[in-house]
Asker: 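The structure follows.
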Amino acid sequence: MCGIVGIVGKSNVNQALYDGLTVLQHRGQDAAGIVTSHDGRLFLRKDNGLVRDVFHQRHMQRLVGHMGIGHVRYPTAGSSSSAEAQPFYVNSPYGITLAHNGNLTNVEQLAKEIYESDLRHVNTNSDSEVLLNVFAHELAQRGKLQPTEEDIFAAVSQVHQRCIGGYAVVAMITGYGIVGFRDPNGIRPIVFGQRHTDEGVEYMIASESVSLDVLGFTLIRDLAPGEAVYITEDGKLSTRQCASNPHLSPCIFEHVYLARPDSIMDGVSVYKARLRMGEKLADKILRERPDHDIDVVIPIPDTSRTSALELANHLGVKFREGFVKNRYIGRTFIMPGQAARKKSVRQKLNAIELEFRGKNVMLVDDSIVRGTTCKQIIQMAREAGAKNVYFCSAAPAVRYPNVYGIDMPSAHELIAHNRSTEEVAELIGADWLVYQDLSDLIEAVGGGKIKIEHFDCAVFDGQYVTGDVDEVYLNKIEQARNDVTKVRSQAGSAIIDLYND
């Protein structure tokens with residue numbers, strides 16, 4: 001996952017873009033970038049690191065202009081090269097910059113087409129650069145000195161024809177405006193909104209509504225699957241459905257883990273969805289273990305807190321904060337490399353012995369992916385004196401790779417792959433384990449006032465909504481991931497040898 005923003009304002013937008021990216025920092029901690037446009041010129045700053053580390057005062061002063069886009073990135077295949085920091089740029093036509101959240105599943109085919117047919121050069125391994133070149137080529141095909149909104153929407157339509165996967169995009173056409181669009185399945189989220197100033201109306205596009213809220217923008221709505229929004233440099237907004245057969249199938253894992261609880265996605269409150277997850281989990285525990293001996297419910301901060309609170313309320317059990325979190329350590333799930341994840345857990349959390357000593361503790365997490373983190377946390381609970389440690393996952397068992405932009409590409413890294421609930425419980429060291437049922441998760445997220453009939457639940461059920469993902473494809477990306485890991489391991493060994501010498 002990544003975070004994207006785009007703003008067309010009436011004054012310099014550099015600070016607003018910075019603030020918007022800071023709010024979306026949870027979506028990616030590997031790299032950040034901002035590009036602005038002023039008098040037909042582009043001003044770009046991007047690098048590896050957190051938003052606060054990439055942008056210093058001298059950089060902000062150079063990012064002049066009334067419109068711009070920004071991006072926070074995390075690596076989807078363990079790579080953390082600064083060459084793949086976004087936004088990306090192509091000079092033809094018009095000078096286009098683009099930032100992207102998601103992953104293209106036919107990127108290999110597209111890269112070949114771009115080179116052989118479109119006669120374009122791609123400089124990185126990023127599918128975002130491929131997507132940019134596809135969009136740029138299709139816009140160039142219109143053959144206009146000055147692009148109209150019809151030209152831009154036609155180019156987006158061709159992108160939908162050629163690109164397969166999950167993608168939410170913001171692109172800036174130098175001197176003309178900003179366009180945002182969403183894949184025909186609506187897998188990755190994107191919203192847009194407006195705010196009124198003394199100078200006029202300003203518009204913003206972002207991955208999550210919370211980014212708009214913090215900057216004082218009013219949410220207009222989510223982009224529909226396949227839809228595009230175009231905002232001209234002088235502030236004219238237009239939208240168009242650009243896909244021939246769109247179907248809303250948003251990623252349900254956004255509600256489980258990725259999104260902030262104060263966001264609204266496709267009309268659904270992430271916070272309320274997580275409350276309902278807690279209710280469903282409590283109902284399952286009462287069905288399966290009506291004579292449970294849970295003394296206290298403790299969330300693993302921060303994402304599971306909302307579900308854990310409602311779980312405790314429904315069980316009639318005390319809710320306590322048993323772990324103190326170091327706010328200066330990043331999210332372990334999206335840290336590149338297993339070694340970094342292992343090292344960070346004890347730096348990130350510390351147990352409050354008072355809440356564990358002599359108690360039967362129910363730990364609640366949003367999900368169990370690799371199992372590394374929860375195994376260490378269960379051990380921490382035992383070391384703090386817990387009598388028994390039970391574990392609850394607000395999501396079903398993650399058994400399949402994600403191919404639409406979340407860092408779960410290898411099935412063999414997933415602890416629940418080809419394992420029963422009891423086997424997973426034994427591996428992580430829990431006395432017993434409860435997973436959310438998939439039907440209950442779907443009801444929790446899609447069963448509110450806004451009814452969503454279908455979700456991308458591929459990580460739980462192996463059903464990929466784009467229809468092009470098979471065993472051959474999954475084996476190919478697993479091999480690519482293994483190759484990256486091998487290269488990084490060899491590089492690390494070489495460094496160790498150098499120091500030993």
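Please read these numbers as outputs of a predicted model, since none were measured by experiment. Note: hydrogens, waters and symmetry copies are ignored here, and every other heavy atom, side chains too, is used.
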Asker: Are F356 and R320 packed together at the side-chain level, in the sense that at least one heavy-atom pair is separated by less than 4.5 angstrom?
Answerer: no
Asker: Measuring only between side-chain heavy atoms, which start at C-beta, is I178 closer than 4.5 Å to I69?
Answerer: yes
Asker: Got T303 and R274 here, is their nearest side-chain heavy-atom distance under 4.5 Å?
Answerer: yes
Asker: Decide yes or no for M277 and L311: does some side-chain heavy atom of the first lie under 4.5 Å from some side-chain heavy atom of the second?
Answerer: no
Asker: Identify the two heavy atoms, one from N185 and one from P225, that lie closest to each other, and give their separation to 0.1 Å.
Answerer: C-CB, 3.9 Å
Asker: Sorted by first residue and then second, give each salt bridge (Lys or Arg N to Asp or Glu O under 4.0 Å) pair with at least one member in residues 242-253; sequence neighbours left out.
Answerer: none
Asker: Indicate the ring-plane relationship of Y404 and Y464, choosing parallel, tilted or perpendicular according to the 30° and 60° boundaries.
Answerer: perpendicular
Asker: Sequence neighbours left out, what passes ring pair (Phe, Tyr, Trp, His ring centres under 6.0 Å) with H417? Give chain and number order.
Answerer: H412
Asker: Any donor and acceptor pair, going by atom type alone, linking the side chain of N106 with main-chain N or O of R162 inside 3.5 Å?
Answerer: yes
Asker: Taking only residues two or more places apart in sequence or in another chain, which ones pass ring pair (Phe, Tyr, Trp, His ring centres under 6.0 Å) with F319?
Answerer: none
Asker: Kindly give the heavy-atom pair with the smallest separation between G429 and I378, and that separation in Å.
Answerer: O-CG2, 3.4 Å
Asker: Compare all side-chain heavy atoms of P299 with those of E321 and state whether any distance is below 4.5 angstrom.
Answerer: yes
Asker: Does R182 reach the side chain of R188, with side-chain heavy atoms less than 4.5 Å apart?
Answerer: no
Asker: H314: what forms a side chain to side chain contact (heavy atoms under 4.5 Å, CB included) with it, not counting sequence neighbours?
Answerer: E279, A282, D283, E310
Asker: Looking at every heavy atom in both L17 and G70, which two are closest together, and how far apart are they?
Answerer: CD2-N, 4.3 Å
Asker: What is the minimum heavy-atom distance between I285 and H292, and which atoms define it?
Answerer: CG2-CD2, 4.3 Å
Asker: Enumerate the residue pairs fulfilling side-chain hydrogen bond (donor to acceptor under 3.5 Å, both in side chains) with a member in residues 201-224, sequence neighbours excluded, ordered by first and then second residue.
Answerer: H26-E208, R27-E208, R195-E202, E208-S263, R221-E227
Asker: Filter on salt bridge (Lys or Arg N to Asp or Glu O under 4.0 Å), then keep only pairs touching residues 429-438, sequence neighbours left out; what's left?
Answerer: K284-D437, R287-D437, R382-D431
Asker: I need the R289 CZ to Y390 OH distance, nearest 0.5 Å.
Answerer: 8.0 Å
Asker: State which residue, out of E84, H100, Q86, fulfils the side-chain hydrogen bond (donor to acceptor under 3.5 Å, both in side chains) condition with R73.
Answerer: E84
Asker: Does Y230 reach the side chain of L237, with side-chain heavy atoms less than 4.5 Å apart?
Answerer: no
